Visitor: 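Submitted below is the structure of interest, expressed as structure tokens.
Note that the coordinates shown come from a computational prediction; the quantities given were computed from them, not determined experimentally.
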Amino acid sequence: MPNTYDVNLISEETGEKMARALQASAEAIMKIGNKMGAYDLPRSWQELQMHIQSGTVRQICPVGTKLLVDKESGVSATVNGSITGATVNEETFIEAIGRSGTAAYEFIYDGSVWHHNGEDVELINYGIAVTGTPAADDTVVVHVQASKIEFDVVDIDYDVPVNDALEHTLALWTSDLLLYGSIPFCSPQKLVSVREALPAGTYNITLDHGCYDGTTVEDSTYQFTTTREIPAGGGIRHTTMGGWLTSGYGISHVTGGTFITYDADYNIIEQGLATTEGTGGTSLGTATASNPTYRVTDNINFTQRQISGSNRNIHSANRKWLNSDAPGAASGQIASWWTASDEFDMPVRSTLPGFLHGLDPAFRAIMQKVRKRTAKCIADGYGYEDTEELVFEPSMTELGYGKNNNISETAAKADGTLKTELAWDMFIGASNARATSGT
């Protein structure tokens, strides 16, 4: 959005550099448990963690190495014998087994107890429930279906762990998520956060530099009338305020839109409420596009965000999804991983499970939080904020695109300084070619 952040377009030189780096990594495919060239890869994620912590990971997983991580996509059960059926809780089962790759696991009943791999087990501890009374030699076979996510090693010791006891890090990224629409966007936000119930009646909102581009061509006072109360915790949105146009900004752009009211559970109360110029009824306050200079009412949101959603990293729907292990919600329901970031936030409705859902438990066990710096837009006062991140979207700086609003979005230290202002090693020239040459 204009006046919100600067867009640094990728240069031809940077594009060629990234292409060379990716080509080099593609020629250096290495998988856990295999051997290629001069490198012996670890046999388990725990062994990889040991190498990271000891500072020897560069010898076995140089920049350009590819690691494949299992991600469970479904769990089912088949039965044989007196029992007539079985159900499996996928989260409980994967956690109990300790891995999420494609496999089949057999449980056998000996007439008194169940066995798995020769050991006595309680089915409940694996999330398994059977229908019917088991008899000797009955079996339950649990089938796990999984895909694999391909991660590239993009840098070593780039980041600063949140855990002060750790000194070393291994930065991984995946392009398996780069399909448009596969990552949920932030939803359009509330224009007005209703803190105290508003009875049915006429209300008005004033725009001050409220046009999408921050100009005054749409500035005026606009009124609308409700026929039903808006409860505390509810909200109000407008269908065009803050919206982008190729041309035609003006009063008619706003009056051509309508108001929508919501209850505290984000359900629509009324919609299609006509917008007219006027100061009738009760003033709800003043709205502006993005510049906080013109924001005088703190329960009124920026018009750009009420139409396009928040662009602040800590409020990002993507961040919530990437760091959640929640299973998917039913169609049309609020995403299981979504929580409100502030009083203006509106829910994402998605059936997608959290990105961490089904990811190999042994791999997840070695993941660690690091400190990241992210630029803030004008609506948040510019500057930057340092946050603790586990799974995150790569920044402009890390990918070699340079600074964002003059901020190097890289690895932050606990004392507020940066560890580096460079891109990930993967994207600095083709330096990761050593992954294939062994130099």
Visitor: Answer whether the closest heavy-atom distance between the side chains of Asp345 and Ser310 falls below 4.5 Å.
Guide: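 No - every pair of side-chain heavy atoms lies 4.5 Å or more apart.
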Visitor: Considering the options Thr297, Asp219, Thr221, which one meets the side-chain hydrogen bond (donor to acceptor under 3.5 Å, both in side chains) requirement together with Thr206?
Guide: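 Filter result, single survivor: Thr221.
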Visitor: For a 4.5 angstrom cut-off between non-hydrogen side-chain atoms, does Met426 reach Asp152?
Guide: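 Met426 reaches Asp152 side chain to side chain.
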Visitor: Do the charged groups of Arg371 and Asp386 touch, with an N to O distance under 4.0 Å?
Guide: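 Salt bridge between Arg371 and Asp386, a charged N being under 4.0 Å from a carboxylate O: no.
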Visitor: Classify the side-chain pair Asn163/Gln368 by whether it contains a donor and acceptor separated by less than 3.5 Å.
Guide: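 No pair is found: no donor N or O on one side chain lies under 3.5 Å from an acceptor on the other.
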Visitor: Within the side chain of Glu47, is there an N or O that forms a donor-acceptor pair under 3.5 Å with the backbone of Arg43?
Guide: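 It does hold such a pair.
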Visitor: What do you reckon, are the aromatic ring centroids of Tyr294 and Phe302 less than 6.0 Å apart?
Guide: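 No - the distance between ring centres of Tyr294 and Phe302 does not fall below the 6.0 Å cut-off.
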Visitor: Does a side-chain heavy-atom distance below 4.5 Å link Trp173 with Leu399?
Guide: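 Sidechains of Leu399 and Trp173: in contact.
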Visitor: Quick one: do Glu72 and Ser100 satisfy side-chain hydrogen bond (donor to acceptor under 3.5 Å, both in side chains)? Show the steps, please.
Guide: CA-CA 5 Å; Glu72 172 263 318; Ser100 58; over 6 Å; no
Visitor: Among side-chain atoms of Gln189 and Asn301, is any donor-acceptor pair under 3.5 angstrom?
Guide: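 Side chains of Gln189 and Asn301: pair found under 3.5 Å.
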Visitor: Any side-chain donor paired with an acceptor under 3.5 Å for Gln223 and Thr202?
Guide: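 There is no such pair (donor and acceptor under 3.5 Å, judged by atom type) between the side chains of Gln223 and Thr202.
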Visitor: Decide, yes or no, whether a salt bridge links Asp380 with Arg305 under the criterion of side-chain N to carboxylate O below 4.0 Å.
Guide: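 Judged by the 4.0 Å cut-off on N to carboxylate O distance, Asp380 and Arg305 do form a salt bridge.
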Visitor: Side chains of Ser341 and Lys320 only: does a donor on one sit below 3.5 Å from an acceptor on the other?
Guide: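 A pair is found: one side chain offers a donor N or O, the other an acceptor, under 3.5 Å apart.
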Visitor: What is the minimum heavy-atom distance between Thr410 and Glu398, and which atoms define it?
Guide: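 So the two residues come closest at CA-OE2, 4.5 Å.
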Visitor: State, without any angle test, whether Thr275 and His238 hold a side-chain donor-acceptor pair at a distance under 3.5 Å.
Guide: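 A donor-acceptor contact under 3.5 Å links the two side chains.
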Visitor: I'd like to know if the side chain of Thr65 and the backbone of Val153 have a donor-acceptor N/O pair within less than 3.5 Å.
Guide: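 No, the answer is negative, given that no donor and acceptor are paired below the 3.5 Å cut-off.
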Visitor: Do the side chains of Ile251 and Tyr222 get nearer than 4.5 Å, heavy atoms only?
Guide: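 Side-chain contact under 4.5 Å: yes.
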Visitor: For residues Asn323 and Glu389, is any side-chain donor paired with an opposing acceptor at under 3.5 Å?
Guide: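 There is no such pair between these side chains.
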Visitor: So Val194 and Leu284, do their side chains get closer than 4.5 Å, heavy atoms only?
Guide: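 Leu284 vs Val194: side chains apart.
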Visitor: So, do Leu198 and Glu229 sit near enough that their side-chain heavy atoms are less than 4.5 Å apart?
Guide: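 Heavy-atom side-chain distance check fails, nothing below 4.5 Å.
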Visitor: Can you confirm whether Asp70 sits close enough to Lys148 that some side-chain heavy atom of one is under 4.5 Å from a side-chain heavy atom of the other?
Guide: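 Answer yes - side chains close enough.
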Visitor: Is Lys71 close enough and on-axis enough to Phe363, meaning under 6.0 Å and within 45°, for cation-pi?
Guide: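 Verdict for Phe363: no cation-pi partner in Lys71.
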Visitor: Check the side chains of Ser76 and His143 for a donor-acceptor pair under 3.5 angstrom, ignoring hydrogens and angles.
Guide: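 No, no side-chain donor-acceptor pair sits under 3.5 Å.
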Visitor: Is there a donor-acceptor contact under 3.5 Å linking the side chains of Glu270 and Thr226?
Guide: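 Note: Glu270 and Thr226 side chains miss the donor-acceptor criterion.
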Visitor: Taking the inter-plane angle between the rings of Trp424 and Phe392 on a 0 to 90° scale, is it parallel (under 30°), tilted (30 to 60°) or perpendicular (over 60°)?
Guide: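 Plane angle between 30° and 60°, so tilted.
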Visitor: Can you list, pair by pair, the side-chain donor-acceptor contacts under 3.5 Å of residues 347-354, counting residues two or more places apart and other chains?
Guide:
| from | atom 1 | to | atom 2 | distance (Å) |
| --- | --- | --- | --- | --- |
| Arg349 | NH1 | Gly332 | O | 3.4 |
| Ser350 | OG | Leu352 | N | 3.0 |

Visitor: Distance-only, no hydrogens or angles: does the Asp265 side chain make a donor-acceptor pair with backbone N or O of Asn267 under 3.5 Å?
Guide: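 Absent.
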Visitor: Does the distance from a Lys or Arg side-chain N to an Asp or Glu carboxylate O, for Glu388 and Lys372, drop under 4.0 Å?
Guide: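 A salt bridge is absent here (no side-chain N lies under 4.0 Å from a carboxylate O).
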Visitor: If we ignore angles and hydrogens, is there a donor and acceptor under 3.5 Å between the side chains of Gln53 and His168?
Guide: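 No - no donor-acceptor pair under 3.5 Å links their side chains.
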Visitor: Angle between ring planes, Trp338 versus Tyr266, binned at 30° and 60°: parallel, tilted or perpendicular?
Guide: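 Judged by the thresholds at 30° and 60°, the geometry between Trp338 and Tyr266 is perpendicular.
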Visitor: Going by an N to O cut-off under 4.0 Å, is there a salt bridge joining Glu409 and Lys403?
Guide: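 So Glu409 does not pair with Lys403 through a salt bridge.
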Visitor: More than 12 non-hydrogen atoms from neighbouring residues, nucleotides or ligands closer than 6.0 Å to CD on Gln145, yes or no?
Guide: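 Buried by this count: over 12 neighbours within 6.0 Å.
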Visitor: So which atom in Leu207 and which in Met241 form the shortest heavy-atom distance, rounded to 0.1 Å?
Guide: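 Taking Leu207 first and Met241 second, the nearest heavy atoms are CD2-SD, 3.9 Å.
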Visitor: Kindly indicate, with the supporting measurements, whether the criterion side-chain contact (heavy atoms from CB on, under 4.5 Å) is fulfilled by Val154 and Asp425.
Guide: CA-CA 6 Å; Val154 291; Asp425 191 38; over 6 Å; no
Visitor: Are the side chains of Ile378 and Pro292 in touch, meaning some heavy atoms are under 4.5 Å apart?
Guide: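 SC-SC contact between Ile378 and Pro292 confirmed.
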